Amino acid sequence: MERVPILKIGDILLVSIQLDMSDQTAVQLQEDLAERIVATGCHGVIIDITALDIVDSFVGRMLSTIASISRVLDAETVVAGMRPAVAITLVELGLSLNGIRTALNVERGMELIAAARADELDHQLDDDPDVETATP
Amino acid sequence: MALSTEETGRLVALLGAQADRVTSRWTEIVTSSLRGRLSQAELRRQVQDLHSAIITTGEQGDFDLSADNAAELRAALSELSRGRARQGFSATETSISVFALKDVLAELVQESDGKGALHDYVAFAKLVDEMGLFTFDSFVRTRESLIADQAEQLLELSTPVVKLWEGVVAVPLVGTLDSARAQVVMERLLQTLVDTSSPYAIIDITGVPAVDTQVAQHILKTVVAARLMGADCIISGIRPQIAQTIVALGIEFGDIATKASLADALRHVLRLTGVETARRQPRRDA
């Protein structure tokens with residue numbers, strides 16, 4: 001069975017989907033990714049779909065599921081590199097990929113995750129009175 | 001509608017015997033109808049082409065406009081109407097160039113005054129009618145292809161995507177937005193977003209004369225598609241009347257940013273990207 005490779009770049013896991021997803025591959029990817037997030041403690045997941053010509057409801061649901069799983073494990077998911085034709089088809093089909101952040105390419109996706117992470121840390125600092133007093 | 005062998009023979013004899021007279025009379029009639037918008041020499045050349053094509057057809061067999069031996073005649077007729085259509089002549093002015101042959105034939109038949117002259121004339125007239133209708137058909141075809149070409153050119157002309165700033169592109173929409181144009185705009189905008197990797201797009205609708213639910217639907221689809229790709233869209237250039245129409249129609253733009261002018265939209269994007277603009281002390285000339 002084919003597996004989708006998961007690459008670790010700094011604090012981010014990069015998944016580049018380059019083959020047609022089947023049920024089995026999708027389930028395997030979800031399991032692998034969950035394991036890797038826990039094992040590495042990464043806070044960001046980028047799913048690169050530049051190579052995908054077709055994104056149907058099945059792939060859409062898979063992306064949503066992966067995003068949900070990652071969120072539970074405190075990792076932000078960004079889908080990067082969707083092709084214009086794919087985006088148009090999704091809109092025509094009425095699929096909107098709710099709850100998934102998107103970026104034009106992997107680079108932008110990494111910036112997005114870094115920015116989101118920085119925001120989150122800021123909030124945590126604001127919430128924690130001890131830290132705030134410690135850093136005047 | 002075909003002429004019999006005898007009729008064809010008589011037609012060829014009639015037209016061939018006094019070729020010069022036929023063409024000059026024919027040219028004369030056409031010239032008067034076109035009121036000098038084509039030169040006499042050019043008309044004469046066209047008429048001579050038709051005349052020789054008719055004679056060739058008749059010599060090669062029974063006269064039938066749809067038969068193989070009339071291929072040259074059909075080509076000559078198409079050529080004539082194509083030329084006229086492109087030069088902007090009306091359908092009447094085009095078909096009269098062919099119908100003028102009837103007048104010439106009437107005169108010739110009257111002079112010959114033979115037996116069955118009337119019968120011959122009726123047969124010839126039917127043939128000329130057929131040729132006229134053929135001209136008319138090709139005239140319309142030419143015009144239609146002209147219109148199709150122009151529509152395509154319009155489609156290409158009217159949808160530029162311009163780069164306003166690093167990471168900011170804009171589409172100034174001009175003219176009515178139908179489904180075909182909306183599709184082109186959407187594709188071009190999304191492709192530009194990928195090519196320039198710009199995370200912001202401004203759709204300026206200053207030049208759109210009216211926004212109805214359909215146009216709004218197209219714009220919304222574009223915005224949603226851009227979002228799916230990871231870019232944000234801002235709609236700008238909403239004129240007061242358009243704003244009223246949008247509210248009256250109950251169109252919801254949801255959480256899409258809308259701005260009154262392109263300048264406002266650009267300022268909004270620059271603020272989002274953290275670009276500061278500052279006014280310098282104006283330079284004073286001595």
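Here the structure is a predicted model, which means the values were calculated and not measured. Just so it is clear: chains get the letters A, B, ... in the order the sequence lines come, proteins before strands, and each one is counted from 1.
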Could you go step by step and tell me if A:Ile88 and B:Met186 meet the side chain to side chain contact (heavy atoms under 4.5 Å, CB included) rule?
CA-CA 8 Å; A:Ile88 292 172; B:Met186 192 196 266; 3.4 Å; yes

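- The local environment of CD1 in A:Ile54 is sparse, with at most 12 non-hydrogen atoms from other residues, nucleotides or ligands closer than 6.0 Å.
- In this structure, the side chains of B:Met229 and A:Thr102 stay at 4.5 Å or more apart for every pair of heavy atoms.
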Given side chain to side chain contact (heavy atoms under 4.5 Å, CB included), test B:Lys221 with A:Glu92 step by step and report yes or no.
CA-CA 8 Å; B:Lys221 272 186 184 170; A:Glu92 297 293 341; 3.2 Å; yes

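- For B:Glu42, the CD atom counts as densely surrounded, since its 6.0 Å shell holds more than 12 non-hydrogen atoms of other residues, nucleotides or ligands.
- In terms of heavy-atom pairs under 4.5 angstrom with chain A, the leader among B:Leu220, B:Leu189, B:Val194, B:Leu193 is B:Leu193.
- Contacts of A:Leu95 with chain B are made by backbone atoms alone, with heavy-atom separations under 4.5 Å and no side-chain atom involved.
- Around CG of A:Asp122, the count of heavy atoms belonging to other residues, nucleotides or ligands within 6.0 Å exceeds 12.
- In plain terms, the two heavy atoms of B:Leu190 and A:Pro84 that are nearest each other are CB-CB, 3.5 Å.
- Atom CG of A:Asp20 is surrounded by 12 or fewer heavy atoms from other residues, nucleotides or ligands within 6.0 Å.
- Shortest non-hydrogen contact noted between B:Ser197 and A:Asn105 is CB-ND2, 3.4 Å.
- More than 12 heavy atoms of other shown residues, nucleotides or ligands fall within 6.0 angstrom of atom CD in A:Glu111.
- Looking only at side-chain heavy atoms (C-beta outward), B:Pro199 and A:Arg108 come within less than 4.5 Å of each other.
- Atom CD of B:Gln241 is surrounded by more than 12 heavy atoms from other residues, nucleotides or ligands within 6.0 Å.
- Put simply, the residue from B:Leu228, B:Val223, B:Thr222 that forms a side-chain contact (heavy atoms from CB on, under 4.5 Å) with A:Val91 is B:Leu228.
- Contact detail for A:Ala87 and B:Ala225: the closest heavy-atom pair is CB-O, 3.5 Å.
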